[in-house]
Amino acid sequence: MAPDPRRAFRASVLMTCVIICSNVLCPVGAYLYNNRYAGDQVFRITPRNDKEVQSVKTILGHMKVDLWQPNSASLIHQNATVDVHVKRNDTQGLHVRLKREHIDYQVFITNLQTEIEKQTGYRSTRKRRSESQYDYEVYHSLEEIQSWMFEMNRTHPDLVNMFSIGKSYEGRPLYVLQLGKRSRPQKNAVWIDCGVHAREWIGPAFCQWFVKEAINSYQYDSVMTRLLNQLNFYVMPVLNVDGYRFSWTTDRFWRKTRSKNHKFHCRGVDANRNWKVKWCEEGASSHPCDDTYCGPFPESEPEVKAVAKFLRKHKKHMKAYISIHAYAQMLLYPYSYKYATIPNFSCVESAAHNAVTALYSAYGVRYRYGPASTTLYVSSGSSIDWAYRNGIPYTFAFELRDTGHFGFLLPESLINPTCTETMRAVKAIASGLLKKCKTDRNRFPYI
């Protein structure tokens with residue numbers, strides 16, 4: 001029987017598609033989340049007084065929306081912008097309600113699906129075969145990141161040590177890279193974690209960038225050489241491994257972990273509100289279906305518990321804790337849960353000032369800095385408050401680019417400048433640890 005030319009043509013087309021999708025950044029295959037965000041919009045709303053604040057809360061409370069900034073309706077305040085992702089079937093209704101109430105707003109993302117596709121860029125090649133070919137200017141899947149970690153561990157045994165501190169809810173290993181010259185094992189240390197909130201992809205991109213830059217500049221950059229000789233850096237590229245993978249494969253804007261709540265049929269806990277310090281108070285939710293759900297009890301999430309256990313074990317040598325988030329262009333330090341000044345405020349404030357100054361020197365991007373409660377909003381159960389309470393004197397949370405134009409969809413073209421400037425800031429913080437800073441030991445005896 002003669003071969004069917006149409007069948008051969010269809011087979012060749014199918015094979016071409018398979019080859020393309022194996023090389024292009026396709027989080028969920030060829031359709032990018034099955035086109036689920038087509039027509040969705042992101043509104044920026046600015047309530048000008050208390051009446052408008054209540055109106056916005058009421059309007060959004062009657063709709064199923066995804067709050068980007070702030071991440072809880074309870075944190076909406078006057079003269080502070082509210083960024084909210086609205087499904088395509090609800091956009092017209094929101095336009096009508098806001099206009100009727102004369103509330104100031106704009107739509108800064110008119111079609112979310114288009115922006116998602118712009119972010120990933122449909123790159124035709126993915127450099128993932130080896131460290132030398134690894135592309136640090138694209139976003140990577142969890143599997144690619146973990147393969148890269150193994151490769152860094154294999155190729156740089158003098159500076160890198162890879163280990164697991166536990167397993168996630170879904171059983172995935174929680175990997176950490178230790179960077180530092182092995183000659184002094186009891187050195188002071190810096191902890192850096194990324195990917196706490198799954199949809200903040202720039203976080204894991206920075207952690208990878210930091211490792212790459214630290215290793216490549218060792219013995220060439222005098223500052224980095226000194227830091228790696230005198231400090232250990234513990235870098236966790238993805239803390240919320242289950243959530244990050246889910247945001248990659250299924251729901252681009254997933255935020256929480258993936259633990260199950262059988263009573264409410266909801267999944268996940270906010271991994272930055274699950275820490276044992278003023279747990280589940282202001283700025284956190286006790287409802288399992290909310291994005292800011294604090295969990296059934298402190299450290300209920302195995303990912304949070306594993307990090308807390310590791311930091312407790314090493315707190316004698318841990319001098320700085322840095323958590324990478326997005327977006328807002330801020331550098332935050334304790335307290336998050338209350339309006340109060342930390343005992344070593346002058347030292348931490350100086351370190352933050354030096355960091356944002358170093359960051360600004362790269363591209364002129366301005367970051368606000370200060371206590372999280374006054375610079376951003378009050379939030380209980382946060383990791384920086386917990387780390388500070390547990391004896392780590394310098395604890396910071398970065399909110400990376402931008403201030404809302406792209407939101408969580410920072411394009412791959414901005415990975416390089418964002419990571420370059422943030423690298424300068426982190427180096428400034430770490431360099432400050434090598435100097436003495438006077439503080440009141442009676443008020444803060446464990447420094």
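Quick caveat: nothing in here was measured; it's all calculated off a predicted structure.
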- Task: Report the residues that fulfil salt bridge (Lys or Arg N to Asp or Glu O under 4.0 Å) with Arg44, sequence neighbours left out, ordered by chain and then residue number.
- Result: Asp83
- Note on the structure: Sorted by chain and number, sequence neighbours left out, side-chain contact (heavy atoms from CB on, under 4.5 Å) with Val356 holds for Leu331, Tyr367, Tyr369
- Task: Name all residues meeting the salt bridge (Lys or Arg N to Asp or Glu O under 4.0 Å) criterion together with Asp90; count only those two or more places apart in sequence or in a different chain, and write none if there are none.
- Result: none
- Which value, rounded to the nearest 0.5 Å, describes the distance between Ile45 atom CD1 and Thr81 atom OG1? 10.0 Å
- Message: Per the side chain to side chain donor-acceptor pair (under 3.5 Å) rule, what does the pair list look like for residues 52-63, sequence neighbours excluded?
- Response: none
- Message: Run the side-chain hydrogen bond (donor to acceptor under 3.5 Å, both in side chains) test against Tyr333 and tell me which residues pass, sequence neighbours left out.
- Response: Glu349
- So, Arg199 and Asp66, do they make that salt bridge, N to O below 4.0 Å? yes
- Excluding sequence neighbours, so at least two apart, what forms ring-ring contact (aromatic ring centres under 6.0 Å, His included) with Tyr105? Phe43, His95
- Candidate list Glu301, His197, Glu170, Arg267, test side chain to side chain donor-acceptor pair (under 3.5 Å), partner Thr257, passing option: Glu301
- Query: With sequence neighbours excluded, what pairs up with Ala328 under the side-chain contact (heavy atoms from CB on, under 4.5 Å) test?
  - Reply: Gln69, Met330, Glu399
- Message: Check Arg182 with Asp158, please: is the shortest side-chain N to carboxylate O separation under 4.0 Å?
- Response: no
- Candidates Ser380, Ser383, Ser382, Ser379 - the one meeting side-chain contact (heavy atoms from CB on, under 4.5 Å) with Arg273: Ser379
- Evaluate the criterion salt bridge (Lys or Arg N to Asp or Glu O under 4.0 Å) for residue pair Glu213 and Lys427; output intermediate values, then yes/no. CA-CA 11 Å; Glu213 287 294 302; Lys427 283 172 66 177; over 6 Å; no
- Task: List for me each residue that meets ring-ring contact (aromatic ring centres under 6.0 Å, His included) alongside Phe233, sequence neighbours excluded, and say none if there are none.
- Result: Phe210
- Task: Check whether any side-chain N or O of Asn240 sits under 3.5 Å from a backbone N or O of Lys256 as a donor-acceptor pair, and report yes or no.
- Result: yes
- Query: Asn188 side chain to Met318 main-chain N or O, any donor-acceptor pair under 3.5 Å?
  - Reply: no
- Message: I'd like to know if the side chain of Arg368 reaches the main chain of Thr375, judged simply by a donor and an acceptor atom lying under 3.5 Å from each other, with no hydrogens or angles considered.
- Response: yes
- Enter the distance from Tyr175:OH to Asn153:CG here, rounded to the nearest 0.5 Å. 10.5 Å
- Query: Got a sec, which residues hit side-chain hydrogen bond (donor to acceptor under 3.5 Å, both in side chains) with Gln208, two or more places apart in sequence or on another chain?
  - Reply: Tyr134
- Item | Identified side-chain contact (heavy atoms from CB on, under 4.5 Å) partner of Phe396 from the options Ile384, Leu332, Ile429 | Ile429
- Message: Check whether Asn274 reaches the backbone of Ser300 with its side chain - one donor and one acceptor, N or O, closer than 3.5 Å.
- Response: yes
- Message: For the backbone of Phe246 and the side chain of Asp251, can you confirm whether one donor and one acceptor N or O come within less than 3.5 Å of each other?
- Response: no
- Query: Who pairs with Thr420 by side-chain contact (heavy atoms from CB on, under 4.5 Å), at least two apart in sequence or on another chain?
  - Reply: Trp209, Tyr363, Asn416
- Message: For the CG atom of Leu409 and the CG atom of Leu112, what is their distance to the nearest 0.5 Å?
- Response: 5.5 Å
- Query: Is any side-chain heavy atom of Gln119 closer than 4.5 Å to a side-chain heavy atom of Glu115?
  - Reply: no
- When you look at Tyr321 and Tyr394, which way does the ring pair (Phe, Tyr, Trp, His ring centres under 6.0 Å) test go after all the steps? CA-CA 6 Å; Tyr321 170 92; Tyr394 293 86; over 10 Å; no
- Message: I'd like to know if Arg424 pairs up with Glu421 as an ion pair, taking the criterion as any Lys NZ or Arg NE/NH1/NH2 lying under 4.0 Å from an Asp or Glu carboxylate oxygen.
- Response: no
- Task: Show your reasoning for whether salt bridge (Lys or Arg N to Asp or Glu O under 4.0 Å) applies to Lys278 and Asp385.
- Result: CA-CA 9 Å; Lys278 296 295 179 181; Asp385 284 347; over 6 Å; no
- Partners of Tyr337 by ring-ring contact (aromatic ring centres under 6.0 Å, His included), sequence neighbours excluded? Tyr335
- Would you check if the distance from the ring center of His85 to the ring center of Phe253 is below 6.0 Å? yes
- Using side-chain contact (heavy atoms from CB on, under 4.5 Å) as the criterion, list what pairs up with Lys276, not counting sequence neighbours. Pro298, Glu299, Trp386
- Item | Arg258 NZ/CZ over Trp254 ring centroid, <6.0 Å and within 45° of normal | yes
- Do we see a donor-acceptor contact under 3.5 Å between the side chains of Asn71 and Thr292? no
